[in-house]
Amino acid sequence: MTTDTQRPRRGAAILRTALRRNLGAMAWGTLLMGLYQAGETAFPIALGLIVEHTMRGGRSLQALALSIGALAVIITTVSLSWRFGMRILQKANTTEAHRWRVKVAACGLQPVARDVDLKSGEVLTIATEDADQTADIIEVVPLLISSLVAVLVAAVALGLADVRLGLLVIVGTVAILSVLSVMSKRIGSSTQEQQARVARAGAKVADLITGLRPLHGFGGNHAAFRSYRQVSTEAKHQSITVAKVNGAYAGTALALNAVLAGAVTLTAGWLAFEGRITIGELVMAVGLAQFIMEPLKLFSEMPKYVMIARASAERMALVLSAPPVMTPGSERPAAGSDLELDCVRHGTLTDLKFQVKAGEFVAIAAYQPRAAADLAAVLAVRVPPTAYEGTVRIGGRALADLSVEAVRQHLLVNPYDGEIFAGTLRTNIDPAGTSRTVPEAVEASLLTDVVALHREGLDYGVRDRGANLSGGQRQRLSLARALAADTDVLVLHDPTTAVDAVTEQLIARNVAKLRRGRTTIVITSSPAFLDAADRVLVLDDGTITADDTHRNLLAHDEAYGLAVAR
């Protein structure tokens, strides 16, 4: 398995990575948005020059046409630079957000889990909202620079009219940013807490939806709803807090910007009254005081967006920087290998020892359901080899020395509660679209009656979690998917608990026939599968207590007969 040695460790590193690989788009975006802001600022300057020229007696049609042409050039520049600048920046933004979404999703889907204390719902929020907000930094920096350009152009133009006007803009801008930078830190911390609480609420919803059927079964749905309501209320209160902080920030920014614009206007009026600037310069100053409000507003909002992007990047770092639960090896198991468990101790398993030779069909009758679940978890590598005593070997090689991806290509453990996805019967059976044994898998699992029920056949639509299928249909669909994978070693955990006895008998025979010559292990108490197996291993109190055929065990082991009889 390949590992990402360049994985960023902190939120700041994630932001630097995003900025570094979008330098070209940001450079073009900054140039075009700078032209836009310069054009916006040039408009009142041009009006002032036109008024000044007119006041000095320059009244000719040629001068008027020249003035109109200059204004048209400025307006065209403003329109085109904004259009193409934002197109470049938003394309880079959405592309970067897509990259981070894929990266977070890859961490959640890779064979080795990460040691991070987050639920799947929280990871989903990080992969969507936080990825989008982190990528906003691609737009924030060019807009920040272009706004600075507008402020500097305005300060220089006013300074040429009177130095005091230029200094007033510069000093006022610095003062506004100093005040707002302090307030933006509060926004960053509040936003980070809000994102965490919203993510927890999303995780709670995901958990409740997963367990909705059993909750309804024992009447626990009302208590579950109250639990979610409490989590959601906490998220709501934090969102209100963030809204208050954002409102205070926006109000303060608007007030300070208005004060600065008003100060420039009043100062320009006083200087004109004193005769120190001309009427044209007064018009320019008043126009700049009005137009400067937009870049100042944009400029003053940038610290807030930077802090939000930083908070989101820190949350992404929780997933991307989390160490793997285990460090897998690099070897690959050979095809047709034996499977051996040597003195494995984990959970309820105590000194579990058995061997399944290549090509055998072995059933494991687990008297305790917990022991069956622990065995399935060990074989599926959901438990790191370092977390239990003993050794699991495939073809004589320890599981810890093998690549997890290679193990899962060689050995498939199909859980009793296999997930059903929204899509079609076909995409659930063969998600990758590469299996050559889909018809055989459908027939062996007796999913044929489900296919025959619908005109679309295998293209029949399946709702999320198989909501439009019965329990038995979902179980057979999951079994068909496992059989279609056609792996060297297949482990089935209670594959037919939701089907009737006749159907179970047929499925057991079909599976034995389809898997002939390949290693198959069925963890079950089903008499049909136990009888179809070459031999049965009895798992009691965490260890193997008997190894024989189903019929011999029925004849000579009373406890076995009581355990599996139906």
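We use all heavy atoms of the structure for the numbers below, so side chains are in, but hydrogens, waters and symmetry mates are not.
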Peer 1: Would you find a donor on one side and an acceptor on the other, under 3.5 Å apart, between the side chain of Gln473 and the backbone of Ser470?
Peer 2: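 Here the side-chain-to-backbone pair exists.
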
Peer 1: Sub-3.5 Å donor-acceptor pair from the side chain of Asp500 to the main-chain atoms of Thr503, do we have one?
Peer 2: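 Yes; at least one donor-acceptor contact below 3.5 Å.
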
Peer 1: For a side chain to side chain donor-acceptor pair (under 3.5 Å) check, start with the C-alpha distance between Ser526 and Glu504, then their side-chain angles and the critical distance, and finish with the verdict.
Peer 2: CA-CA 8 Å; Ser526 161; Glu504 186 176 54; 3.1 Å; yes

Peer 1: Determine, stepwise, if the pair Thr391 / Leu399 fulfils side chain to side chain contact (heavy atoms under 4.5 Å, CB included).
Peer 2: CA-CA 7 Å; Thr391 307; Leu399 195 62; over 6 Å; no

Peer 1: For residues Leu492 and Leu490, determine if any side-chain heavy atom of one lies less than 4.5 Å from a side-chain heavy atom of the other.
Peer 2: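 The answer is yes, as the side chains (C-beta and beyond) meet within the 4.5 Å cut-off.
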
Peer 1: Compare all side-chain heavy atoms of Leu379 with those of Leu341 and state whether any distance is below 4.5 angstrom.
Peer 2: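 Leu379 vs Leu341: side chains touch.
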
Peer 1: My understanding is that only residues two or more places apart in sequence, or in another chain, count here; which of them pass salt bridge (charged side-chain N to carboxylate O under 4.0 Å, His left out) with Asp494?
Peer 2: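 Per chain and number, Asp494 pairs via salt bridge (charged side-chain N to carboxylate O under 4.0 Å, His left out) with no residue.
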
Peer 1: Can you name the closest pair of heavy atoms from Ala371 and Thr348 and give their distance?
Peer 2: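 Looking at all heavy atoms of both residues, the closest pair is CA-OG1, 3.1 Å.
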
Peer 1: Kindly determine whether Glu129 and Ser312 satisfy side chain to side chain donor-acceptor pair (under 3.5 Å), including the steps that lead there.
Peer 2: CA-CA 8 Å; Glu129 295 182 13; Ser312 292; over 6 Å; no

Peer 1: Determine whether a donor-acceptor pair (N or O, by modelled atom type, separation under 3.5 Å) exists between the side chain of Asn468 and the backbone of Arg463.
Peer 2: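 Between the backbone of Arg463 and the side chain of Asn468 there is a qualifying donor-acceptor contact (under 3.5 Å).
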
Peer 1: Is the backbone of Ile308 close enough, under 3.5 Å, to the side chain of Gln133 for a donor and an acceptor to pair up by distance?
Peer 2: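 The answer is no, because no donor-acceptor pair under 3.5 Å joins these two groups.
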
Peer 1: Please tabulate, for side-chain N and O atoms in residues 449-458, each donor-acceptor pair with protein atoms closer than 3.5 Å (sequence neighbours left out).
Peer 2:
residue, atom, partner, partner atom, Å
Asp449, OD1, Arg476, NH1, 2.9
Asp449, OD2, Arg476, NH1, 3.2

Peer 1: Side chains of residues 533-541: which donor-acceptor pairs under 3.5 Å do they make with residues two or more places apart or in other chains?
Peer 2:
residue, atom, partner, partner atom, Å
Asp534, OD2, Phe361, N, 2.9
Arg535, NE, Glu360, OE2, 2.7
Arg535, NH1, Asp547, OD1, 3.3
Arg535, NH1, Asp547, OD2, 2.8
Arg535, NH2, Gln355, O, 2.5
Arg535, NH2, Glu360, OE1, 3.1
Asp540, OD1, Gln368, NE2, 2.9

Peer 1: Could you list the residues that satisfy side-chain contact (heavy atoms from CB on, under 4.5 Å) with Lys353, not counting sequence neighbours?
Peer 2: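 side-chain contact (heavy atoms from CB on, under 4.5 Å) list for Lys353, sorted by chain: Asp342, Cys343.
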
Peer 1: Who passes salt bridge (charged side-chain N to carboxylate O under 4.0 Å, His left out) against Arg509, sequence neighbours left out?
Peer 2: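 If we apply the salt bridge (charged side-chain N to carboxylate O under 4.0 Å, His left out) test to Arg509, skipping adjacent residues, there are no hits.
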
Peer 1: Going by the rule side chain to side chain donor-acceptor pair (under 3.5 Å), which residues pair with Asp548 if we only count those two or more places apart in sequence or in a different chain?
Peer 2: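 With neighbours one apart ignored, the set is Asn552.
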
Peer 1: Check salt bridge (charged side-chain N to carboxylate O under 4.0 Å, His left out) between Asp132 and all other residues, then give those that pass, not counting sequence neighbours.
Peer 2: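 Residues passing salt bridge (charged side-chain N to carboxylate O under 4.0 Å, His left out) with Asp132: Arg101.
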
Peer 1: Can you name the residues that form a side chain to side chain donor-acceptor pair (under 3.5 Å) with Thr350, not counting sequence neighbours?
Peer 2: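 By the side chain to side chain donor-acceptor pair (under 3.5 Å) rule, Thr350 matches no residue at all.
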
Peer 1: Give a yes or no on whether the backbone of Gly423 and the side-chain of Thr427 come within a donor-acceptor separation of less than 3.5 Å.
Peer 2: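 Such a contact is absent between Thr427 side chain and Gly423 backbone.
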
Peer 1: Looking only at atom types and distance, does a side-chain atom of Ser445 sit under 3.5 Å from a main-chain N or O of Leu479, one as donor and one as acceptor?
Peer 2: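 Pair absent, no side-chain N/O of Ser445 close to backbone of Leu479.
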
Peer 1: Is any side-chain heavy atom of Leu352 closer than 4.5 Å to one of Leu349?
Peer 2: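 Leu349 vs Leu352: side chains touch.
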
Peer 1: Is the backbone N or O of Leu506 less than 3.5 Å from a side-chain atom of Asn510, with the two atoms forming a donor-acceptor pair by type?
Peer 2: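 Confirmed, Asn510 side chain pairs with Leu506 backbone.
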
Peer 1: Sequence neighbours left out, what passes salt bridge (charged side-chain N to carboxylate O under 4.0 Å, His left out) with Asp136? Give chain and number order.
Peer 2: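 Testing Asp136 for salt bridge (charged side-chain N to carboxylate O under 4.0 Å, His left out), a comparison that skips the adjacent residues, returns none.
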
Peer 1: Quick one: list whatever passes side chain to side chain donor-acceptor pair (under 3.5 Å) with Asn414, sequence neighbours left out.
Peer 2: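 Residues passing side chain to side chain donor-acceptor pair (under 3.5 Å) with Asn414: Ser478.
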
Peer 1: Sequence neighbours left out, what pairs pass salt bridge (charged side-chain N to carboxylate O under 4.0 Å, His left out) with at least one residue falling in residues 423-437?
Peer 2: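 Applying salt bridge (charged side-chain N to carboxylate O under 4.0 Å, His left out) to every pair that reaches into residues 423-437, excluding sequence neighbours, yields Arg426-Asp459.
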
Peer 1: Testing the basics here: between Leu402 and Pro333, what is the closest heavy-atom pair and its distance to 0.1 Å?
Peer 2: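 Between these two residues, the closest heavy atoms are CD2-N, 3.9 Å.
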
Peer 1: Where is the tightest heavy-atom contact between Arg332 and Ala406, given as atom of each residue plus distance?
Peer 2: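 Taking Arg332 first and Ala406 second, the nearest heavy atoms are NH1-CB, 3.6 Å.
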
Peer 1: Once side chain to side chain donor-acceptor pair (under 3.5 Å) is applied, do any residues pair with Thr487, and if so which ones, sequence neighbours excluded?
Peer 2: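 In terms of side chain to side chain donor-acceptor pair (under 3.5 Å), with neighbours along the sequence ignored, Thr487 is linked to no residue.
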
Peer 1: Quick check, are the ring centers of His550 and Phe529 under 6.0 angstrom apart?
Peer 2: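 When the ring centroids of His550 and Phe529 are compared, they turn out to be at least 6.0 Å apart.
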
Peer 1: Look at the side chain of Asn428 and the backbone N and O of Thr424, then say whether any donor-acceptor pair between them is shorter than 3.5 Å.
Peer 2: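 It does hold such a pair.
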
Peer 1: If you compare all heavy atoms of Ala372 against all heavy atoms of Ala366, which two are closest, and at what distance to 0.1 Å?
Peer 2: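 In terms of heavy atoms, the two residues are closest at CB-CB, 3.8 Å.
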
Peer 1: Please determine whether salt bridge (Lys or Arg N to Asp or Glu O under 4.0 Å) holds for the pair Lys357 and Asp338, giving the CA-CA distance in whole Å, both sets of side-chain angles, and the decisive distance to 0.1 Å.
Peer 2: CA-CA 5 Å; Lys357 295 182 179 179; Asp338 296 350; over 6 Å; no

Peer 1: For a quick test of reading the model, state the closest non-hydrogen atom pair linking Ala92 to Ala25 and the distance between them.
Peer 2: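 Ala92 and Ala25 have their closest heavy atoms at CB-CB, 3.8 Å.
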
